[in-house]
Protein chains: 2
Amino acid sequence: MTTIYDIAKKTGFSITTVSRALNNYTDVSEKTKKKILEAVDEMGYYPNSIARSLTTKKSWTIGVIFVEDLGVGMKHPFFSAVIESFKQNVEALGYDIIFLSQNIGGEEKSYVDHAIHRGVDGIIVMCSDFDDVEVQKLIESPIPSLVVDLHSDKSSVIYSDNYRGSILAVDHLVELGHRNIAHIKGSEQTYAGLERLRGFRSGMEKHQLDVPSSYIADGGFFSYEGGYEAMQNILALGEKRPSAVFVSGDNMALGALKACKEAGVSVPDDLSIVGFDDIEISKHITPALTTVRQDTDLIGKKASEVLVHQINTRSRDYAVVMIPVSLVVRESTKAVK
Amino acid sequence: MTTIYDIAKKTGFSITTVSRALNNYTDVSEKTKKKILEAVDEMGYYPNSIARSLTTKKSWTIGVIFVEDLGVGMKHPFFSAVIESFKQNVEALGYDIIFLSQNIGGEEKSYVDHAIHRGVDGIIVMCSDFDDVEVQKLIESPIPSLVVDLHSDKSSVIYSDNYRGSILAVDHLVELGHRNIAHIKGSEQTYAGLERLRGFRSGMEKHQLDVPSSYIADGGFFSYEGGYEAMQNILALGEKRPSAVFVSGDNMALGALKACKEAGVSVPDDLSIVGFDDIEISKHITPALTTVRQDTDLIGKKASEVLVHQINTRSRDYAVVMIPVSLVVRESTKAVK
DNA sequence: CTGAAAGCGCTTACAG
DNA sequence: CTGAAAGCGCTTACAG
């Protein structure tokens with residue numbers, strides 16, 4: 001591996017001067033700089049970030065942590081979309097992304113230890129679970145951090161306007177003439193599940209609509225299977241079943257759709273369904289899903305801005321960023337018969 | 001930040017001894033070790049990997065590169081599933097994953113420079129594109145590397161048995177009585193697209209079945225839209241249209257399905273469809289998709305073994321690993337009328 | 001069983 | 001405009 005010493009030797013300058021030329025310091029003569037850059041090119045040299053980090057105390061890396069109850073990690077459609085956008089944005093600013101686990105050198109360690117170990121400049125946590133103690137410790141550590149999809153007053157947070165999203169969904173259904181609207185909620189251990197449920201209740205209340213307890217079904221941790229089962233419970237209501245269901249996540253809505261198909265209930269003719277997320281597949285299924293769209297590109301972009309700002313300023317003021325959502329009307333909702 | 005010097009000062013031992021205790025050297029007395037570990041615990045110390053890497057020349061990081069024509073990055077359903085599995089496997093061995101782009105410090109640089117810069121121990125490239133010059137340079141560099149989904153004799157490679165997968169698909173359709181079988185191919189700039197096409201042709205030949213040129217439609221880079229359009233072309237064949245279509249990727253198959261629905265062609269009653277990949281959604285759509293399953297868990301696992309072996313042995317013998325595929329029969333195929 | 005010293009490849013005051 | 005020296009936080013011969 002070529003080092004700065006090799007370039008120094010080859011050009012006859014000191015490593016100090018080479019370093020300065022490489023870092024675009026102005027106080028290096030053009031001629032010197034040119035000579036050095038030529039040597040760099042010729043020898044295929046590129047400065048070692050590890051050595052640089054050791055002296056500058058800055059690693060230009062951001063740690064990414066996935067904590068979700070499904071255990072799907074990068075296969076999570078919402079989180080992976082957010083991280084992809086986040087990644088592109090921070091890359092443009094010079095940061096690389098490194099995944100942080102609870103595993104260092106094959107041994108179980110805390111996220112905090114892992115972050116210290118890698119010397120990351122900041123951390124983004126994709127977390128749907130309130131109660132994760134390790135995440136709490138991380139958030140409370142002095143390392144700049146940002147949590148996606150969770151509320152906390154110990155750290156900066158970013159999430160969609162879940163509450164408002166639910167209201168949009170309810171408004172849409174009411175506008176179509178629906179009065180009996182059920183909700184398949186996501187786990188109340190998650191902030192999103194909680195907020196969407198709260199929004200649903202408020203929306204219904206606004207229109208002076210009743211929500212019998214049988215109209216709230218639990219879909220668990222936003223899985224296809226959870227939505228499928230919850231919809232089966234709703235369909236089992238028979239005569240008393242609602243004419244529309246607002247589902248707290250698209251994956252669950254897909255499962256709900258499947259349950260309807262199996263039961264011979266036509267969507268949207270017999271039952272209208274609204275989802276939440278607008279994952280890739282939602283526009284492609286039949287019927288195409290009416291859903292509340294989360295803007296993953298914007299979440300990733302804003303997240304990068306907030307976290308990098310925090311890194312640069314070492315500010316301890318926590319930001320709370322709420323990203324607007326929008327209703328995408330497709331084929332799964334229809335005016336009530 | 002606490003360092004090894006703080007621990008040394010606190011315990012009265014030298015940094016040498018502290019280092020040894022931390023690294024589980026046997027030649028440290030139990031008593032000393034205990035005292036040191038207590039101090040470590042108390043002060044919340046964790047060794048800095050950056051300093052360690054600088055002396056050991058080993059970073060315990062593996063670079064990940066995504067190169068695909070759709071530009072979806074981590075949202076790519078196949079690649080993200082492979083990487084998730086790969087990540088879990090290498091983490092257990094002590095490696096962390098860092099994403100490598102063509103961007104360092106906000107400036108455009110090569111993958112090779114980026115890899116040198118970060119001092120990664122090895123690289124895994126998710127690449128569907130033959131012609132990427134930067135990827136070629138990387139593969140030919142001395143850094144241990146492994147390419148997923150591409151063939152090369154300059155580097156270790158791993159991919160599904162695409163050829164055999166196509167044969168399985170054709171066999172299945174022929175068994176159901178189909179004789180007129182079309183293929184929606186993926187781009188021939190990709191290894192997977194090429195191999196699946198080759199397998200399709202061989203399979204048809206094996207059964208002495210003709211493939212008129214109108215029966216090969218181009219779906220491009222495996223996108224939903226590409227499959228949708230390709231299927232429209234096939235349906236436009238009218239009377240002469242096939243009774244079954246083997247599609248080179250599930251996303252394209254979903255698009256193809258949509259085109260059928262719009263055209264009033266019932267799958268599987270009027271037309272049978274087989275996909276390739278078995279992405280998450282395939283089992284959930286209606287009709288559930290018959291498809292050739294790629295074993296992403298196994299690909300990730302084998303990839304970790306091959307790459308880590310290469311890192312450890314510094315071997316220049318390139319491995320070629322082919323992962324078996326299997327046919328998953330669901331609802332989108334049916335005996336010919 | 002323990003420690004002093006050198007070195008990994010950089011950057012950054014300090015001096016000229 | 002350029003260079004000698006110190007230092008970042010570790011590990012590893014070498015010595016005792």
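Scope of the values below: all heavy atoms of this structure, side chains included, with no hydrogens, waters or symmetry mates. Chain letters run A, B, ... following the sequence lines, proteins first and then strands; every chain starts at 1.
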Handout entry: Sugar-phosphate, base or nothing in reach of B:T3, heavy atoms under 4.0 Å
Key =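 Sugar-phosphate contact only.
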
Practice task
Quick one: label B:Y5 by what it contacts on the DNA or RNA (base, sugar-phosphate, nothing), any heavy atom closer than 4.0 Å.
Solution key: base

Using atom types as modelled, flag every donor-acceptor pair under 3.5 Å from a side chain in residues 34-46 of chain B to any protein atom, sequence neighbours excluded.
{"unit_1": "B:E42", "atom_1": "OE2", "unit_2": "B:K10", "atom_2": "NZ", "d": "2.9"}

Fill in the blank from the handout: Scanning both residues in full, the closest heavy-atom pair of B:Q310 with B:P144 reads OE1-CA, 4.2 Å

Exercise for the section: For residues B:V112 and B:L138, report the shortest heavy-atom separation together with the two atoms involved. Expected result: CG2-CA, 3.6 Å

Exercise for the section: Fill in the dot-bracket string of DNA chain D, one character per base: . for unpaired, | for a pair to another strand, ( ) or [ ] for pairs within the strand, taking Watson-Crick or G-U pairs under 3.5 Å. Expected result: |||.||||||||.|||

Handout entry: Any A:D96 side-chain heavy atom under 4.5 Å of B:H114 side chain
Key =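 With C-beta onward as the side chain, the pair touches.
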
Handout entry: Within residues 29-57 of chain A: residues closer than 4.0 Å to DNA chain D (heavy atoms)
Key = A:S29, A:T32, A:L54, A:T55, A:K57

Problem - Approximate separation, where rounding is to 0.5 Å, of B:F78 CZ and B:I299 CD1 - result: 4.0 Å

Problem - Span of DNA chain D in contact with chain A (heavy atoms, under 4.0 Å) - result: D:dC1 to D:dG9

Exercise for the section: Might you confirm whether atom NZ of A:K154 has over 12 heavy atoms from other residues, nucleotides or ligands at distances under 6.0 Å? Expected result: no

Practice task
Would you check if there is a donor-acceptor pair between the side chains of B:S29 and B:T32 at a distance under 3.5 Å?
Solution key: yes

Problem - side chain to side chain donor-acceptor pair (under 3.5 Å) partners of B:H309, counting only residues at least two apart - result: none

Handout entry: Those residues that, when tested against A:S53, pass side chain to side chain donor-acceptor pair (under 3.5 Å) (two or more places apart)
Key = none

Problem - Lys/Arg N to Asp/Glu carboxylate O, A:E84 vs B:K75, below 4.0 Å - result: no

